[in-house]
Participant: 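Structure incoming, see below.
Indexing begins at 1, ligand by ligand and atom by atom, following the structure's order.
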Amino acid sequence: MKLDNLLTDESATALAEDPGAVSSAARKVYVKTYGCQMNVYDSQRMTDALAADGYVATDVIEDADVVLLNTCHIREKAAEKVYSELGRIRDMKQERAEAGRELMIGVTGCVAQAEGREIIRRAPAVDLVVGPQTYHRLPEALRKARGGSKVVETDYALEDKFDHLPQPRRADVISRGVTAFLTVQEGCDKFCTFCVVPYTRGSEVSRPVAQIVAEAERLAEAGVREVTLLGQNVNAWHGVGPDGSEWGLGRLLFRLAEIPGLARLRYTTSHPRDMDDELIAAHRDLKALMPYLHLPVQSGSDRILKAMNRKHTADDYLRLIDRIRNARPDIAMSGDFIVGFPGETEADFDATVKLVEHVGYAQAFSFKYSPRPGTPGAEMKNQVEEAAKDERLQRLQALLMDQQATFATGLVGSIIEALIEKPGRQAGQIVGRSPWLQPVILDEKAGKIGDIVQVRIMRTGHSSLFAELA
Ligand code: SAH
Ligand code: SF4
Ligand code: F3S
């Protein structure tokens, strides 16, 4: 396969021997990632694609020959951040030019997809704009841009992306740690009226089973202990198993749980409408599937849910959680909320508060509604005043933080399993991760990175747990 050639260490050497590639050998790329986990995954794939072209990754922007901003378009603030960052990098590029050294600037991700050439108009220092479906073409786009032409690549071809997804070299997997993301699905067909994702990521596409299993096996073989499956609607994933039968995400999780070395599985983000029986059964039967579920609901008001085009009611959501908790009683819930969607009244907001009180979240993310260009929500006449949004967000976040603290305090005294991930910030400490995603601070003698250890929770920290080997 063409792709595999690109990926192995041997081919990198071969490329370095190619005179065309020598000129780019040891060039450094700095990638700054905004937005969701899928962008984190994509940033690694971009680095992997460029590694095959002789580029090495750097964490120091001043050392970089290429700066890529992998952007997010979800809220106005996220999108605008990119332009202020571009202002700073433009100054750097100017100084470089005076010193006779090149700096290429690329914008990738969802702002690239949404705004395309407009980015170069607003920020002429940008050399290339590459949308999320075309990262495998990044090395070529960069070569063109270095030749002096501005490059804009925003074609949609998700299947194509999956067929050509650059894979990391083994050494890079190891250096990235014992947990990894794995994209299984991309795009969204749900068209919630507030959301840009269906426009930036395109319609739902699932990666084939064999590709996913092969990638998970490669990760496990390199020492990864925990894999988080990613998708904008990860539980809309579907595929065909080796026996020719239709698989959903639940069946896929059963298959991945068989891979030796993979001790933990997670998936995110799921949509309430795509939680089927087999996925719930996976929560019941698979020890490797962590008892933590991020299941956004956005609002507790049926009127607002309808205006948002969520296609489920608050009651549908609550009944679904009951079913999941019956299957897996220790499951912890996480969610996303939007306050101040057009037309939201105090009564609607109270319904959200009531839903939150009923569910009891271990963690949650809440946002003020941000009108996005091109979405139906932005056209609605009944926009909510900023002051009301602020006030509701504060109230909701206070409640959610309270629930998060209650959940963490409830763990004190119990024995749990922690996956040791990295050295701690303070000498003598090591940091693990609880099944519910909390950092667990341990004495470094508790184990080595990659170990799963039984620990007793002694006390809670700001957002972490302090524990001792049990
Ligand atoms: N695919 C996921 C997540 C989408 S984006 C899902 O369906 O749940 C992540 C979160 O950002 C959303 O769940 C929502 O809470 C928030 N969000 C999306 N668009 C937004 C907007 N226009 N304003 C404020 N928050 C938004
Ligand atoms: Fe956006 Fe809704 Fe799709 Fe989630 S389900 S990505 S919120 S449109
Ligand atoms: Fe942002 Fe795109 Fe992810 S808009 S949240 S980076 S899918």
Side-chain angles (χ1 to χ4, degrees), residues 32-43 46 69-82 107-115 131-133 135 154 158 181 183 185-205 229-237 267-275 293-300 304-305 307-312 317 333-342 344 352 361 363-380 383-384 386 389 392-393 396-397 400:
K32 182 159 183 176
T33 309
Y34 302 82
C36 61
Q37 292 102 324
M38 195 164 294
N39 266 8
V40 175
Y41 179 84
D42 282 345
S43 289
M46 288 193 268
L69 302 183
N70 194 13
T71 61
C72 173
H73 201 244
I74 202 82
R75 285 168 289 273
E76 191 183 354
K77 235 197 227 156
E80 283 306 312
K81 250 189 232 163
V82 176
V107 175
T108 64
C110 290
V111 177
Q113 188 63 45
E115 297 185 6
Q133 273 80 28
Y135 294 149
T154 48
L158 251 177
F181 292 131
T183 293
Q185 182 278 342
E186 211 174 314
C188 180
D189 296 336
K190 299 277 191 295
F191 290 93
C192 301
T193 53
F194 52 81
C195 186
V196 292
V197 171
Y199 312 98
T200 63
R201 294 279 174 166
S203 51
E204 287 175 2
V205 176
L229 306 183
L230 299 180
Q232 261 91 35
N233 272 303
V234 70
N235 52 348
W237 179 89
Y267 62 92
T268 198
T269 295
S270 40
H271 193 287
R273 286 180 55 217
D274 293 319
M275 288 299 299
L293 178 60
H294 183 64
L295 193 64
V297 62
Q298 316 297 354
S299 168
I304 296 299
L305 287 170
M308 286 176 164
N309 192 33
R310 291 289 292 182
K311 298 202 174 81
H312 61 76
Y317 180 79
M333 295 303 305
S334 160
D336 287 343
F337 298 89
I338 294 177
V339 300
F341 184 79
E344 186 186 74
T352 300
Y361 287 90
Q363 205 189 352
F365 304 89
S366 45
F367 314 96
K368 281 193 286 183
Y369 171 67
S370 169
R372 306 305 292 128
T375 61
E379 305 298 315
M380 293 178 185
Q383 301 289 328
V384 173
E386 209 53 30
K389 286 188 200 173
R392 287 175 199 170
L393 187 68
L396 183 61
Q397 289 190 337
L400 289 167

Participant: Where on Pro198 is there a heavy atom closer than 4.0 Å to ligand 2, on the side chain, on the backbone, on both, or on neither?
Facilitator: side chain
Participant: What is the closest protein heavy atom to atom 1 (Fe) of ligand 2, and at what distance does it sit?
Facilitator: Cys195 SG, 2.3 Å
Participant: Tell me, do Ser299 and Phe337 make a side-chain contact under 4.5 Å, heavy atoms counted?
Facilitator: no
Participant: Taking heavy atoms and a distance under 4.0 Å, where does Thr269 meet ligand 2: side chain, backbone, both or neither?
Facilitator: neither
Participant: Heavy-atom distances under 4.0 Å are what count here, so tell me which part of Met38 touches ligand 3: side chain, backbone, both or neither.
Facilitator: neither
Participant: For atom 4 (S) of ligand 3, what is the closest protein heavy atom, and at what distance to 0.1 Å?
Facilitator: His73 N, 3.2 Å
Participant: For ligand 2, which atoms sit closer than 4.0 Å to a heavy atom of Phe191?
Facilitator: 8 (S)
Participant: Does Val197 come within less than 4.0 angstrom of ligand 1, counting non-hydrogen atoms of the residue?
Facilitator: no
Participant: What is the closest protein heavy atom to atom 7 (O) of ligand 1, and at what distance does it sit?
Facilitator: Arg310 NH1, 3.9 Å
Participant: Heavy atoms only, cut-off 4.0 Å: how does Phe367 contact ligand 1, side chain, backbone, both, or neither?
Facilitator: side chain
Participant: Before giving the answer on ring-ring contact (aromatic ring centres under 6.0 Å, His included), spell out for His294 and Tyr267 the whole-Å C-alpha distance, their side-chain angles and the decisive distance to 0.1 Å.
Facilitator: CA-CA 8 Å; His294 183 64; Tyr267 62 92; over 10 Å; no
Participant: Relative to the heavy atoms of Cys192, which atoms of ligand 2 are at a distance of less than 4.0 Å?
Facilitator: 2 (Fe), 5 (S), 7 (S), 8 (S)
Participant: Which one of Thr71, Asn70, Asp42 satisfies the side-chain hydrogen bond (donor to acceptor under 3.5 Å, both in side chains) criterion with Thr108?
Facilitator: Asn70
Participant: Take atom 4 (C) of ligand 1 and look for protein heavy atoms under 4.0 Å from it; say yes if you find one, no if not.
Facilitator: no
Participant: Short N/O distance, under 3.5 Å, between Gln298 and ligand 1?
Facilitator: yes
Participant: Pull out every atom of ligand 1 sitting under 4.0 Å from any heavy atom of Arg372, numbered as shown with elements.
Facilitator: 22 (N)
Participant: Is Arg310 in contact with ligand 2, taking contact as a heavy-atom separation below 4.0 Å?
Facilitator: yes
Participant: Evaluate the side-chain proximity of Gln363 to Met333: yes if any heavy-atom separation is below 4.5 Å, no if none is.
Facilitator: no
Participant: Applying a heavy-atom cut-off of 4.0 Å, say which part of Cys188 lies close to ligand 2: side chain, backbone, both or neither.
Facilitator: side chain
Participant: First locate atom NE2 of His73, then atom CZ of Arg372, and finally report the distance between them rounded to the nearest 0.5 Å.
Facilitator: 4.5 Å
Participant: Grab the two heavy atoms, one from Pro272 and one from Pro296, that are nearest each other, plus how far apart they are.
Facilitator: CG-O, 3.4 Å
Participant: Which of the numbered atoms in ligand 2 are below 4.0 angstrom from a heavy atom of Asn233?
Facilitator: 3 (Fe), 5 (S)
Participant: Quick check: does any side chain N or O of Asp274 sit under 3.5 Å from a backbone N or O of Asn235, one acting as donor and the other as acceptor?
Facilitator: no
Participant: Purely on distance, is any nitrogen or oxygen of Thr269 under 3.5 Å from one on ligand 1?
Facilitator: no
Participant: With atoms numbered from 1 as shown, which atoms in ligand 2 lie under 4.0 angstrom from a non-hydrogen atom of Phe194?
Facilitator: 7 (S)
Participant: What protein heavy atom sits nearest atom 19 (N) of ligand 1, and how far away is it?
Facilitator: Phe194 CD1, 3.3 Å
Participant: Is any NZ, NE, NH1 or NH2 atom of the basic residue among Glu204 and Lys190 found under 4.0 Å from an Asp or Glu carboxylate oxygen of the other?
Facilitator: yes
Participant: For ligand 1, which part of Pro296 has a heavy atom less than 4.0 Å away: the side chain, the backbone, both, or neither?
Facilitator: side chain
Participant: Any Lys/Arg nitrogen of Arg201 or Asp189 sitting under 4.0 Å from an Asp/Glu carboxylate oxygen of the other?
Facilitator: no
Participant: Which distance, rounded to the nearest 0.5 Å, do you find between the CE of Met308 and the CD of Gln298?
Facilitator: 6.0 Å
Participant: Between Phe191 and Tyr199 (judged by ring centroids, cut-off 6.0 Å), do the two rings come close enough to count as a pair?
Facilitator: yes
Participant: Any sub-3.5 Å donor-acceptor pair from Gln383's side-chain atoms to Gly377's backbone N or O?
Facilitator: yes
Participant: Rounded to the nearest 0.5 Å, how far apart are CE of Met38 and OG1 of Thr268?
Facilitator: 9.5 Å
Participant: Taking 2.8 Å as the cut-off, does an N/O/S atom of Cys110 lie below it from atom 1 (Fe) of ligand 3?
Facilitator: no
Participant: Is atom 3 (Fe) of ligand 3 less than 2.8 Å from at least one N/O/S atom of Cys36?
Facilitator: yes
Participant: Just to be sure I'm reading this right: ignoring hydrogens, which of Lys368, Arg75, Lys77 gets closest to atom 26 (C) of ligand 1? Compare them by their nearest heavy atoms.
Facilitator: Arg75
Participant: For His271, take its heavy atoms, then give the atoms of ligand 2 lying under 4.0 Å from any of them.
Facilitator: 5 (S)
Participant: Any idea which atoms of ligand 3 are less than 4.0 Å away from a heavy-atom of Gln232?
Facilitator: 7 (S)
Participant: Quick one: look up the protein heavy atom nearest atom 23 (N) of ligand 1 and list residue, atom name and how far away it is.
Facilitator: Ser370 N, 3.0 Å
Participant: Looking at Phe367, I'd like to know if the NZ or CZ of Arg75 sits under 6.0 Å from its six-membered ring centre while staying within 45 degrees of the ring's axis.
Facilitator: yes
Participant: Which distance, rounded to the nearest 0.5 Å, do you find between the OG1 of Thr269 and the CG of Asp336?
Facilitator: 6.5 Å
Participant: Any idea which atoms of ligand 3 are less than 4.0 Å away from a heavy-atom of Cys72?
Facilitator: 1 (Fe), 4 (S), 5 (S), 6 (S)
Participant: Return the closest protein heavy atom for atom 9 (C) of ligand 1 as residue, atom name and distance.
Facilitator: Asp336 OD2, 3.7 Å
Participant: Which ligand 3 atoms does Asn39 reach within 4.0 Å, using its non-hydrogen atoms?
Facilitator: 6 (S)
Participant: Would you call the rings of Tyr317 and Tyr361 parallel, tilted or perpendicular if under 30° counts as parallel and over 60° as perpendicular?
Facilitator: parallel
Participant: Check whether the side chains of Glu76 and Ser370 place a donor and an acceptor atom closer than 3.5 Å, and report yes or no.
Facilitator: no
Participant: Less than 4.0 Å between a side-chain N and a carboxylate O, is that true for Glu80 and Lys77?
Facilitator: no
Participant: One residue to check: Ile74. Relative to ligand 1, which of side chain, backbone, both or neither has a non-hydrogen atom less than 4.0 Å away?
Facilitator: both
Participant: Which protein non-hydrogen atom lies closest to atom 1 (N) of ligand 1, naming both residue and atom, and how far is it?
Facilitator: Gln232 O, 2.6 Å
